[in-house]
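Just below is one structure, and these are the notes that go with it.
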Amino acid sequence: MATRDLGSRLAISEEVLTEWISAQRWFGSKARDVAQFNVLDVVVLRQEPPALALTIVEARFGSGTHELYHVPIGVRTEAEAWDREIICTAGGFTVYDALGDDEQTALLALLLGSAATIEDGDSSVEFWWEGGDPVGPGTPSRRMGVEQSNTSIVFDERLVLKLFRKVEPGINPELEMLRFLAGHGFKNIAKLEGWFQYSGELMDATLGVIQQFIPAAQDGWQLALDALVATDSDFFARLEDLGAVTGRMHAALASNSEDPDFAPEEPSDENVSLLSATIDEQIERVFLELPEHPVLEPIHGRGPDLRDRLQMLSHIGIGGRLIRGHGDYHLGQTVLGPDGWVVLDFEGEPGRPLRERRRKHSPLRDVAGMLRSISNAALAGELLFDLPAASGDWASQARECFLRGYLAEVDQNLLPAGRQAIEKLLAIFELDKLLYELRYELNNRPDWLVVPVTAIARLLDEPFA
């Protein structure tokens with residue numbers, strides 16, 4: 001079949017595309033007014049059946065803004081009776097999500113291992129391999145966990161391929177950060193083995209990375225929930241170790257003053273004012289747009305109270321240094337493997353634009369994300385999983401253990417001077433994180449709204465120190 005013949009088969013109707021993509025877990029703008037979806041480009045990786053193509057799909061919103069998504073598409077004849085993750089059937093062919101097909105994901109892995117370049121018209125996909133043994137034909141694979149903003153495929157319990165669903169022009173921070181950390185002696189990451197990228201008139205963008213899979217790894221979030229049930233004091237020691245790993249990660253990220261993308265920077269005098277103004281604007285916008293929902297009642301109309309608390313926190317000088325950070329740091333981005341803690345998922349918060357995810361911040365922004373995650377574990381255990389209610393002492397002790405390990409290892413020059421300044425800046429970043437979590441759950445997981453809402457309500461009821 002000719003390449004452009006396959007392209008014509010992917011002329012999926014707008015109605016079908018809208019219905020299918022809107023239902024996908026990785027589509028992160030479910031609460032927005034989607035005007036239309038369009039297939040903007042198709043790069044065919046295999047023309048013979050079952051055909052495989054990588055597509056760039058545009059979601060255009062009523063506001064005039066848009067987002068781009070990477071959707072690998074499989075095409076089989078109707079005679080093959082394919083019945084999984086179907087997008088549509090037309091003209092004797094079944095079009096479906098290729099990541100639900102082991103044969104298609106195996107082809108992606110083989111293309112990575114062979115460092116292939118596939119050209120299709122004015123566009124191309126380049127595969128890069130710099131690891132050890134690549135994936136061979138017939139290697140067993142499985143989709144990893146519950147699909148979130150990306151999709152991950154595990155091969156032979158040895159390698160894991162992560163495909164980015166939402167894409168933007170430029171290098172994805174995941175690829176950029178993994179390469180930098182590996183080159184600067186930070187060991188607590190899953191080794192990067194390869195990646196692939198799209199180039200075309202639309203943009204140049206990273207589509208995915210493949211890394212070492214960590215066997216027998218325990219998820220940090222699940223460890224916290226298990227500790228709540230078992231009142232496991234060993235978990236506090238593990239959190240202190242994780243804090244130490246985080247401190248070493250930040251020290252590594254600040255270790256190269258010659259690379260402009262990573263060189264530490266001194267914050268300006270206006271840095272805290274700008275940070276506070278940005279968060280203040282977010283508070284106003286989020287609370288103005290809050291829908292009517294019973295779970296949201298405890299915080300409805302309390303935006304001004306939150307802005308007052310922010311204003312009281314903002315009378316500090318930021319100090320320290322601004323560096324590249326993880327960007328979306330929480331317990332679920334860590335696993336405890338046979339050799340200790342491993343930090344995962346360096347792409348940053350998927351809801352933020354790529355340029356913002358690559359921006360330098362105080363390292364305390366990452367720390368605040370982890371502290372929020374520890375507090376959220378206690379809340380989620382109580383509110384969502386019917387676990388025994390965690391006392392405030394549990395969360396306080398867990399947070400303090402993490403901080404103790406962190407402060408023992410991080411380069412102190414990266415932080416504000418004095419514990420009080422550190423605590424106030426952490427509180428500002430935690431507030432920013434809470435707002436992000438509120439928006440994220442509204443857009444993606446309404447069943448989880450109770451967690452950020454409860455956290456915000458309790459924050460507002462606390463006396464200001």
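Being a predicted model, the structure only gives us computed values, none of them experimental. We count residues from 1, following the sequence as given.
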Do [X] and [Y] pair up side chain to side chain, a donor and an acceptor below 3.5 Å, judged on atom types alone?
X	Y	value
Thr151	Arg165	yes
Arg32	Thr65	yes
Glu437	Asn376	yes
Glu347	Asn150	yes
Glu174	Thr206	no

Salt bridge check, [Y] against [X]: does any charged N sit closer than 4.0 Å to a carboxylate O?
X	Y	value
Asp261	Arg324	no
Glu168	Arg358	no
Arg302	Asp461	yes
Arg285	Glu281	yes
Glu430	Arg399	yes

Close side-chain approach of Leu45 to Phe127, heavy-atom, < 4.5 Å: yes
Mutual orientation of the aromatic rings belonging to Phe180 and Phe262 [parallel < 30°, tilted 30-60°, perpendicular > 60°]: parallel
Plane angle bin for Tyr406 and His250 - parallel if under 30°, tilted between 30 and 60°, otherwise perpendicular: perpendicular
Whether over 12 other heavy atoms sit under 6.0 Å from Trp448 CH2: yes
Test applied, side-chain hydrogen bond (donor to acceptor under 3.5 Å, both in side chains); reference residue, Asp328; option that passes from Arg352, Lys433, Arg357: Lys433
Member of Asn38, Ile21, Val42 meeting the side-chain contact (heavy atoms from CB on, under 4.5 Å) criterion with Val57: Ile21
Expected list for residues 86-93: side-chain donor-acceptor pairs under 3.5 angstrom, two or more places apart:
none

